[in-house]
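Some notes on the structure that comes next.
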Number of protein chains: 2
Amino acid sequence: MGVIRKTKAVEVLLNEFNTSTVAISAKALIEQLGDTFNKTTIYRVLDKLEDDGVLHSFLGKEGLKWYAKCNGCTAKEHKDVHPHFQCLVCGKVDCLSINVTIPKIPNRKIEMSQFLIQGKCEDCFT
Amino acid sequence: MGVIRKTKAVEVLLNEFNTSTVAISAKALIEQLGDTFNKTTIYRVLDKLEDDGVLHSFLGKEGLKWYAKCNGCTAKEHKDVHPHFQCLVCGKVDCLSINVTIPKIPNRKIEMSQFLIQGKCEDCFT
DNA sequence: TTTGTTAATGCAACAAGGTTGCGTTATATT
DNA sequence: AATATAACGCAACCTTGTTGCATTAACAAA
């Protein structure tokens, strides 16, 4: 898999996630940083950071890929099964620090799950 | 919105969903029926059937759109918040008739949610 | 059963998110 | 400074899904 080099792209991208529990879509990152870095680079760095357990990814509305900083995940296992909340008005997505009880299902082995909740966020909530 | 005409495409597509709780991806339907109907038609019929509350849709692995028959949904509201299970081995997806408790979140209005569980299905479970 | 309205279809072209191959650049090690 | 190779940029491509428009076919009414 190789060593991670501290390149500018890695540095800048990591910085984007060092603020909060807010998730950022690959699309948004490309819109924002596409002049500085090639989109291929951005996709590859995100991939690698996910592989290394630094970020986790999930799918939002319309199948867009979103990334957020992992909390207590290692490269080996992503324990994180928190739900994500996407605002249907402003589009913002964040990680909810809520424990979701995954229902027991007979004869099936659950390996991962994605819970996407959609509605109006605090800011867009009238 | 217009009346629904009983065309061949509608008939054939509806037939595909009349069996079980198994979901079918738009992609699979196009692979299967693409010689008979144009993909545009397939997409449009699926759209319309969803609008009319006959089918519901959700996103599976890789952001692919899946459809399944609604159970107790009307054109006006999709109450259905059941989780979906996708097998990581064979790719099969089905609706789980399990009630998921959506966590209460202060200051947010939940409008819908998607719960995708991934793992090994009954058949692929060793 | 013919006529007329308009929903539904097919086709081609497009759009958006993401991926791949490959030659070049730059990081880190000796 | 020399070297190995990870990371990069670029262009071209792939896939899922959408749009515009001319044509066809449901279906209701005459």
Side-chain angles (χ1 to χ4, degrees), chain A residues 1-17 23-68 75 84 86 91 93 114 116, chain B residues 1-17 23-68 75 84 86 91 93 114 116:
Chain A
M1 212 223 280
V3 196
I4 320 155
R5 295 186 180 175
K6 273 181 194 148
T7 65
K8 250 177 205 156
V10 171
E11 192 188 333
V12 169
L13 278 171
L14 267 182
N15 228 329
E16 293 288 324
F17 291 96
I24 314 177
S25 66
K27 185 190 171 193
L29 286 168
I30 287 161
E31 279 165 2
Q32 191 186 327
L33 302 170
D35 293 335
T36 315
F37 306 104
N38 189 276
K39 67 173 177 171
T40 313
T41 302
I42 295 174
Y43 281 119
R44 288 198 272 229
V45 170
L46 291 172
D47 258 23
K48 168 148 282 196
L49 290 176
E50 186 178 14
D51 267 5
D52 293 344
V54 181
L55 299 178
H56 66 276
S57 78
F58 56 93
L59 299 176
K61 246 191 346 156
E62 279 124 44
L64 284 210
K65 205 162 187 184
W66 291 74
Y67 290 86
H84 297 100
Q86 179 157 30
V93 177
Q114 288 198 30
L116 179 68
Chain B
M1 214 222 281
V3 197
I4 320 155
R5 294 185 179 176
K6 272 181 196 150
T7 65
K8 251 178 203 155
V10 171
E11 193 188 332
V12 170
L13 279 170
L14 267 182
N15 228 331
E16 292 289 324
F17 292 97
I24 315 177
S25 67
K27 185 191 173 193
L29 286 168
I30 288 163
E31 279 165 1
Q32 191 186 327
L33 303 171
D35 293 336
T36 316
F37 306 105
N38 189 276
K39 66 173 177 170
T40 313
T41 302
I42 295 175
Y43 280 119
R44 287 198 272 229
V45 170
L46 291 172
D47 257 23
K48 168 150 282 194
L49 289 175
E50 187 179 12
D51 267 6
D52 293 343
V54 180
L55 300 178
H56 66 276
S57 79
F58 56 93
L59 299 177
K61 245 193 347 159
E62 280 125 42
L64 284 210
K65 205 162 186 184
W66 291 74
Y67 289 86
H84 297 100
Q86 179 157 29
V93 177
Q114 289 200 28
L116 179 68

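Below, chain A is the first sequence line, B the second, and so on; all start at residue 1.
Put simply, CD1 on A:I24 and CG on A:L29 are 5.0 Å apart, with the number rounded to the nearest 0.5 Å.
Nucleotide D:dC14 holds its P atom 18 Å from the CD atom of B:E62, rounded to whole Å. Put simply, CG on A:N38 is 15 Å from P on C:dT20, counting in whole angstrom units. Per the geometry, CG belonging to A:L46 stands 15 Å off C1' belonging to D:dC8, to the nearest Å. Here C:dT19 presents its P atom at 13 Å from CD1 of A:I42, a figure rounded to the nearest Å.
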Donor-acceptor pairs are to be reported for all side-chain atoms of residues 30-43 of chain B against protein atoms at under 3.5 Å, with residues two or more places apart or in another chain.
{"from": "B:Q32", "atom 1": "NE2", "to": "B:E16", "atom 2": "OE1", "distance (Å)": "3.3"}
{"from": "B:Q32", "atom 1": "NE2", "to": "B:E16", "atom 2": "OE2", "distance (Å)": "3.1"}
{"from": "B:N38", "atom 1": "OD1", "to": "B:T40", "atom 2": "N", "distance (Å)": "2.8"}
{"from": "B:N38", "atom 1": "OD1", "to": "B:T40", "atom 2": "OG1", "distance (Å)": "2.8"}

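Using bins of under 30°, 30° to 60° and over 60° for the plane-to-plane angle, the ring pair B:Y67/B:F17 lands in the perpendicular bin.
Within the nucleic acid shown, B:S25 has no heavy atom closer than 4.0 Å to any nucleic acid atom.
Contact record, A:K48 with A:I4: CD-CG2, 4.5 Å, taken as the closest heavy-atom pair. Taking both residues in full, the closest heavy atoms of B:L59 and A:G60 are given as CD1-O, 3.7 Å, listed atom of the first, atom of the second, then distance.
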Per-nt protein contacts along nucleotides 16-21 of chain D (heavy atom under 4.0 Å; B base, S backbone sugar-phosphate only, - none) come out as SBBBB-
Protein heavy-atom contacts under 4.0 Å, written 5' to 3' over nucleotides 23-30 of chain D as B (base), S (sugar-phosphate only) or - (none), form the string --BBS---
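Defining each end axis of the helix from C:dT1-D:dA30 to C:dT30-D:dA1 as the rotation carrying four pairs' C1' atoms onto the next four, with five pairs an end, the two axes are found to diverge by 30° to 10 degrees.
When each of A:H84, A:Q86, A:K27 is paired with A:W66, the side chain to side chain contact (heavy atoms under 4.5 Å, CB included) condition holds for A:Q86 and for no other.
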